[in-house]
Protein chains: 2
Amino acid sequence: MAVTIKDVAKVARVSPSTVSRVIADNPRISEETKKRVREAMIELGYHPNFQARSLAVKSTQSIGIIMPNSATKVLENPFFPEVLRGISQVAREDRYGIYLSTGATQEEIFEEVVQMVQGRRVDGIILLYSKTNDTVMNYLLEEDFPFTVIGRPYNNAERITHVDNDNIYATKQVTKYLIDKGHKRITFIGLNPEVVFTIDRMEGYKQALKEAGIPFNEQLVVQESSLKEGGVEVAKEFLLANEPSTALVVTDDFVAIELMSYAESLNIRVPEDISIISFNNIMLTNHMRPPLTSVDIDIFQLGLEAASCLIEKIKNPTILPKRLTIPATMIERKSCASLK
Amino acid sequence: MAVTIKDVAKVARVSPSTVSRVIADNPRISEETKKRVREAMIELGYHPNFQARSLAVKSTQSIGIIMPNSATKVLENPFFPEVLRGISQVAREDRYGIYLSTGATQEEIFEEVVQMVQGRRVDGIILLYSKTNDTVMNYLLEEDFPFTVIGRPYNNAERITHVDNDNIYATKQVTKYLIDKGHKRITFIGLNPEVVFTIDRMEGYKQALKEAGIPFNEQLVVQESSLKEGGVEVAKEFLLANEPSTALVVTDDFVAIELMSYAESLNIRVPEDISIISFNNIMLTNHMRPPLTSVDIDIFQLGLEAASCLIEKIKNPTILPKRLTIPATMIERKSCASLK
DNA sequence: CTGAAAGCGCTTACAG
DNA sequence: CTGAAAGCGCTTACAG
């Protein structure tokens, strides 16, 4: 079997306690015996058993990443690999392991979180999404377990450390950009209204309209899901509607790209017939014809900050909750036309 | 503190052993006491401590994923999220957790693997890459630790369960496709020659040339790294060379896409002036102008099979090693022209 | 400076 | 059908 602390102790002719102290580099151990113990460790090829250590010290040196759906589904959207990149950078620096959720349904995900928390599988958790009435978030809050979230918590935001863009402001700017180009009939396409950033972005959209004196029109708000579930037909119908909008604000590049290809097949020209602006600035946007104007929300930084806030919190649980706002900047390309 | 098996035992008026048996749903426990214990568990909100269980039974129900470089770098290439998607699908079904490597250097990665193995942090490992003389692979083999690899192990392939495409064959077909279109001066662009799939693909490329009676020309093999390190300048120089090739076989879509945009800036037309064919068939390829002909290597399936082979092996360590070959198919688009 | 002992929270032969 | 005991491999007060 694997070599344990006892084997090392025997060879080094000390007690297991001493070996343990050498591992921790305890200053009270003489250099002499340290040397002896270390030699024994090398000689035997000793490596500490991680499980045993975790059990004894109640810490695992790893963080759990919770995604809004199964990794299988979620990783299709480049947002998630990108946010993982940011997280893994600080995990690596601080020598934390990364533990990924795989659950698909609300219940599976909740079960996974409970297992991570109660089973002491991780020291802290990063929630990669925020939605209204999230049982996971409530649970974590109740348990007082270290966690941070990417996005704005719908409730208790002041008690939860989170990192987010200023989605209201960013969307307001973007909508204003379209209005300044002479657009009046602007459609907003968001995810379902449980997703907090959809709520915030819609708010920004509304504010821009209001400031410009354009009445808000319920008809011009559409849910991505209605487009998707309806399939290509509904999406095309939408593009062909009697009184089509002249511009689209879309909360996700992927949806915008899909729409662009439908438009192309219907001979609706972007941007001449319809202007499009969306969010995330994934690499693809730059390669579309025309290149897609998109808001760079700095996903990498979102992940990086969420991870470093979490580790900070793990190391010092009494630290105050905070909100970090990552700047978002519109990358202007060729998908928006002026009506003037 | 967290509620333990002892607390449950007390409330249910049984011994901790019995509680443990109820958790395992041991048939020797009467239904009556099972009920009583379960009620106590619910009443107290009991959840088993995962670390303790792992320590006792020497199994962690999680698998480690080893990437060829830091996640921060690696996840830029869509190959990796895609392979993770496949892995996570079977992990979810079989209720395994996923543990991600974050190391960047050869040494860091090796250290992580040793920790996973010796520290009993995971039950098995998937190597997401294969290169010649890989210390990690040798170590895993020596330790007789359950692992599978995506790609062909350069040594000991018959002793290691792995899943791969038939890279030789696929590249031979693709090169032949170009030859059939009248190309004779075809450049092969691969990763560095430590990467086994580069070796295999180059072999396929050579075989196709040989069959067509085209002499192999050392000059027409270039390493991606030389292009990248040299920067834009070298890449452009390459495209402008005196006697440029008329076609490129590129082992990675990303490199091909980069090259395409350089070509565009140099007014070299694809496919009129130069034909390009590459590997992975990432989503971007379909959106390029022109759309890029690419080999679909079914990354998702690669991940899925690697994971299910691994779990099979974990459950039954004496199972024989095997090789799975995932079909690769060329997706013909518009990036190759006929010279005839 | 070092050791013996108790404990982290489980599991599992052994005994009855 | 159930319990007492030993053990998984560490850590850490306590004592000297």
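Below, read A as the first sequence line, B as the second, and so on, with proteins coming before strands; counting in each chain starts at 1. As the structure is a computational prediction, the values presented were derived from the model and not from experiment.
The partner of C/dG3, taking Watson-Crick or G-U wobble pairs whose two distances both stay under 3.5 Å, is D/dC14.
Each of B/Val19 and A/Arg13 was assigned the nucleotide of DNA chain C with the nearest heavy atom; the assignment lying further toward the 5' end belongs to A/Arg13. Annotation: of the two residues near DNA chain D, B/Ala52 and B/Glu31, the 5′-most nearest-nucleotide partner is B/Glu31. When the nearest nucleotides of DNA chain D are assigned to B/Pro27 and A/Val57 by heavy-atom distance, the more 5′-ward of the two goes with B/Pro27.
Once rounded to the nearest 0.5 Å, the distance linking CD of A/Glu305 with OG1 of A/Thr161 reads 11.5 Å.
Put simply, A/Thr33 has a side-chain N or O that comes within less than 4.0 Å of OP1 or OP2 on C/dT2. Phosphate contact (OP1/OP2 of C/dG3, side-chain N/O of A/Ser15, threshold under 4.0 Å): present. Side-chain N/O atoms of A/Arg53 include one lying less than 4.0 angstrom from OP1 or OP2 on D/dT11. Here B/Arg28 does not reach the OP1 or OP2 of D/dT2: none of its side-chain N or O atoms lies under 4.0 Å away. Between A/Thr4 and the phosphate of D/dC8, there is no side-chain N or O to OP1/OP2 separation shorter than 4.0 Å. Between B/Lys58 and D/dG9 there is a side-chain N or O to OP1 or OP2 distance below 4.0 Å.
Protein atom CZ of B/Arg36 is 14 Å distant from nucleotide atom P of D/dC1, rounded to whole Å. The distance from atom CD of B/Gln115 to atom C1' of D/dG9 is 16 Å, rounded to the nearest whole Å. One can place CG of A/Leu55 at 11 Å from P of D/dT11, the figure rounded to the nearest angstrom. The separation between A/Gln61 atom CD and D/dC10 atom C1' is 16 Å, rounded to whole Å. Distance NZ (A/Lys6) to P (D/dG9): 8 Å, rounded to an integer number of Å. Rounded to an integer number of Å, the gap from CG of B/Asn49 to P of C/dG7 is 17 Å. Atom CD of A/Gln118 and atom C1' of C/dG9 are 13 Å apart (whole Å). At whole-Å resolution of the value, CD1 in B/Ile23 and P in C/dG9 are 13 Å apart.
B/Ser17 comes within 4.0 angstrom of a base, heavy atoms only. A/Ser20 comes within 4.0 angstrom of a nucleotide base, judged by non-hydrogen atoms across all strands.
Of all heavy-atom pairs between A/Met137 and A/Pro153, the closest is SD-CB, 3.7 Å.
Out of D/dG9, C/dT11, C/dT2, the shortest distance to the side chain of A/Thr18 is found at C/dT2. The nucleotide whose nearest atom lies closest to any side-chain atom of B/Tyr46 is, among D/dC1, C/dC10, D/dT11, C/dC10. Of the candidates C/dC10, D/dT12, D/dT2, D/dT2 carries the atom nearest the B/Arg21 side chain, counting heavy atoms from C-beta on.
When B/Ile125, B/Asp94, B/Ile87 are each tested for a side chain to side chain contact (heavy atoms under 4.5 Å, CB included) with B/Ile63, only one passes: B/Ile87.
The pair B/Glu158-B/Arg323 fails the salt-bridge criterion, with no side-chain N (NZ, NE, NH1 or NH2) lying under 4.0 Å from an Asp/Glu carboxylate O. Between B/Asp123 and B/Lys58 there is no salt bridge, since no side-chain nitrogen of the basic residue lies less than 4.0 Å from a carboxylate oxygen of the acidic one. Ion pair A/Arg92/B/Glu112 not flagged as a salt bridge, since none of the NZ, NE, NH1 or NH2 atoms sits closer than 4.0 Å to an Asp/Glu carboxylate oxygen.
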